[in-house]
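Residue numbers start at 1 and run along the sequence shown. These figures come from a predicted structure and were not determined experimentally.
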Amino acid sequence: MGLFVIVLLVIATVLLIRNMNKRIRRLPDSFPDAEQTQREAEIARLNADLERPGAETNPSHVDQDRSSAGPPATKDEVKGITTEGDAAPAKGDQGRV
């Protein structure tokens, strides 16, 4: 029974090796660069978007200008006032009695 199992395993291994060798021979010598293909697809998509009639000048997925005035600073931020929890301990003789 053990010899039968070993012979089956050897036959299966030989068949698998032959099958994989056939598949490897069918592969091309080199594959195209994935990054280059992705860049070309992105350029083609952007060109198609630009050529489309009625294209938006500011697409919704692009952030608006961030250099415009943001929310006004609070008075404490302007004056540089810190709260007790924010204040760092002073270095020097204050730690001694």
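Between Leu16 atom CG and Asn21 atom CG the span is 11.0 Å, to the nearest 0.5 Å.
Remark: Arg26 engages Lys22 in a side chain to side chain contact (heavy atoms under 4.5 Å, CB included) (not counting sequence neighbours). Every residue two or more places apart in sequence or in another chain that forms a side chain to side chain contact (heavy atoms under 4.5 Å, CB included) with Val7 is listed here: Leu3, Ile11.
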Donor-acceptor list for residues 34-43 side chains, cut-off 3.5 Å, not counting sequence neighbours:
unit_1: Gln36; atom_1: OE1; unit_2: Arg39; atom_2: NH1; d: 2.7
unit_1: Gln36; atom_1: NE2; unit_2: Glu40; atom_2: OE2; d: 3.0
unit_1: Thr37; atom_1: OG1; unit_2: Asp33; atom_2: O; d: 2.9
unit_1: Glu42; atom_1: OE2; unit_2: Arg45; atom_2: NH2; d: 2.6

